[in-house]
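Let me begin by presenting the structure, written as structure tokens, before commenting on it.
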Amino acid sequence: MKKSKLMEERIRRVRVLFKELGFRFFSSEHQGTLYTSGFENTDGFQGEVIIDEKCRFLEISFTFFFSLEMADFLKQRLEEMLKLCYEYGCYIILADAEQELSFSVFTKLYYSGLNYQSLKQSMIDFKECVEGLTNLLKIT
């Protein structure tokens with residue numbers, strides 16, 4: 001399926017801004033109206049960008065994976081995890097698959113306000129949220 005001009009411009013704009021902030025993209029995939037790509041900076045911080053042509057915002061995500069045996073551990077910390085995400089303006093999705101649990105953290109930026117400074121500040125907050133969750137969950 002051919003990308004629309006709007007989608008092409010969103011992808012180009014996001015890639016340019018991330019590059020200016022020192023991130024590189026990898027594992028990009030485009031299916032229908034959805035584009036996803038992993039990103040990484042020189043410090044090794046990774047995440048994923050999600051661009052949906054039908055949405056008016058860019059989503060940035062990071063996912064933690066846990067074995068099913070960790071369910072009680074996560075339940076005990078869920079309130080603290082939610083408070084931390086709220087503090088940084090992030091939202092979450094907690095999913096229970098057959099063989100693992102996933103905890104994804106997301107932040108959104110509206111394209112109308114997407115510029116170097118807004119992305120830079122959002123990435124600082126997002127990274128601090130992920131690092132806070134990592135410390136809370138004692139992940140090394």
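Position 1 is the first residue of the sequence; numbering continues from there.
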Exercise. How long is the span from the SG atom in Cys90 to the CE atom in Met81, to the nearest 0.5 Å?
Worked result: 12.5 Å

Problem set entry | Interatomic spacing from OG1 in Thr36 to CD in Glu59 - rounded to 0.5 Å | 11.5 Å

Exercise. Are a donor atom and an acceptor atom from the side chains of Ser37 and Glu48 found within less than 3.5 Å of each other?
Worked result: no

Exercise. Between atom CD1 of Ile92 and atom CZ of Phe62, what is the distance when rounded to the nearest 0.5 Å?
Worked result: 14.5 Å

Could you go through residues 103-111 and list every donor-acceptor pair under 3.5 Å that involves a side-chain atom there, pairing it with any protein atom two or more places apart or in another chain?
from: Ser104; atom 1: OG; to: Thr63; atom 2: OG1; distance (Å): 2.8

Exercise. Can Tyr86 be reached from Leu136 by stepping across I, L, V, M, F, W or Y side chains whose heavy atoms are under 4.5 Å apart?
Worked result: no

Problem set entry | Flag, side chain of Arg77 to backbone of Leu137, donor-acceptor distance under 3.5 Å | no

Seminar exercise, completed: Taken in chain and number order and not counting sequence neighbours, the residues that satisfy salt bridge (Lys or Arg N to Asp or Glu O under 4.0 Å) with Glu98 are none

Exercise. Does Glu80 have any salt bridge (Lys or Arg N to Asp or Glu O under 4.0 Å) partners at least two apart in sequence or in another chain, and if so, which?
Worked result: none

Exercise. Do the side chains of Ile124 and Tyr116 join up, straight or via other hydrophobic residues, at under 4.5 Å, putting them in one cluster?
Worked result: no

Exercise. Will you find, in the side chains of Asn115 and Ser118, an N or O donor that is under 3.5 Å from an N or O acceptor?
Worked result: yes

For this session: Indicate yes or no for a side-chain donor-acceptor contact from Arg13 to the backbone of Leu114 under 3.5 Å, with no hydrogens or angles considered.
Result: yes

Exercise. Given Met123 and Phe45, is the side chain to side chain contact (heavy atoms under 4.5 Å, CB included) satisfied, shown in steps?
Worked result: CA-CA 11 Å; Met123 290 304 293; Phe45 179 72; 4.3 Å; yes

Problem set entry | Linked, directly or transitively: Phe73 and Leu94 (ILVMFWY side chains, under 4.5 Å) | yes

Exercise. How many angstroms lie between atom CG of Leu84 and atom CD of Glu128, to the nearest 0.5 angstrom?
Worked result: 10.0 Å

For this session: Would you check, one step at a time, whether the test side chain to side chain contact (heavy atoms under 4.5 Å, CB included) holds for Phe26 with Gln46?
Result: CA-CA 10 Å; Phe26 60 90; Gln46 295 182 342; 4.1 Å; yes

For this session: Test side chain to side chain donor-acceptor pair (under 3.5 Å) on Asn135 and Glu131 and set out the steps.
Result: CA-CA 6 Å; Asn135 290 335; Glu131 288 173 350; over 6 Å; no

Exercise. What distance separates His30 NE2 from Glu8 CD, expressed to the nearest 0.5 Å?
Worked result: 8.5 Å

Problem set entry | Stepwise side chain to side chain contact (heavy atoms under 4.5 Å, CB included) check, Val130 with Tyr88 | CA-CA 10 Å; Val130 170; Tyr88 287 103; over 6 Å; no

For this session: Using a 4.5 Å cut-off on heavy atoms from C-beta on, say whether the side chain of Arg15 contacts that of Arg12.
Result: no

Problem set entry | Geometric cation-pi criterion Arg24 and Phe39, 6.0 Å radius, 45° cone | no

Exercise. Does Leu34 reach the side chain of Ile51, with side-chain heavy atoms less than 4.5 Å apart?
Worked result: no

For this session: Please report the closest heavy-atom contact between Ser61 and Phe126, naming both atoms and the distance.
Result: C-CZ, 3.6 Å

For this session: Describe, in one word, how the ring planes of Phe66 and Phe64 are oriented to each other, choosing from parallel (under 30°), tilted (30 to 60°) and perpendicular (over 60°).
Result: parallel

For this session: Side-chain contact test, heavy atoms from C-beta onward, threshold under 4.5 Å: evaluate it for Ile60 versus Ile50 and give yes or no.
Result: no

Seminar exercise, completed: Scanning both residues in full, the closest heavy-atom pair of Glu53 with Arg10 reads O-NH1, 3.2 Å

For this session: Identify whether Val49 and Leu21 are in the same connected component of the hydrophobic contact network (ILVMFWY, side-chain heavy atoms under 4.5 Å).
Result: yes

Problem set entry | Hydrophobic cluster membership, Leu133 vs Met70, 4.5 Å side-chain cutoff | yes

Exercise. With side chains defined as the heavy atoms from C-beta onward, is the minimum distance between Phe57 and Asp52 less than 4.5 Å?
Worked result: no

For this session: Go through Leu78 and Leu82 one step at a time and tell me if the side chain to side chain contact (heavy atoms under 4.5 Å, CB included) criterion holds.
Result: CA-CA 6 Å; Leu78 189 57; Leu82 291 170; 4.2 Å; yes

Exercise. Would Glu79 and Lys83 count as a salt bridge (charged side-chain N to carboxylate O under 4.0 Å, His left out) if you check the C-alpha gap in whole Å, the side-chain angles of each, and the deciding distance to 0.1 Å?
Worked result: CA-CA 6 Å; Glu79 186 175 343; Lys83 284 180 183 177; 3.4 Å; yes

For this session: State whether the number of non-hydrogen atoms from other residues, nucleotides or ligands found under 6.0 Å of Tyr91 atom OH is greater than 12.
Result: yes

Exercise. Is it true that the side chains of Asp72 and Gln76 contain a donor and an acceptor less than 3.5 Å apart?
Worked result: no

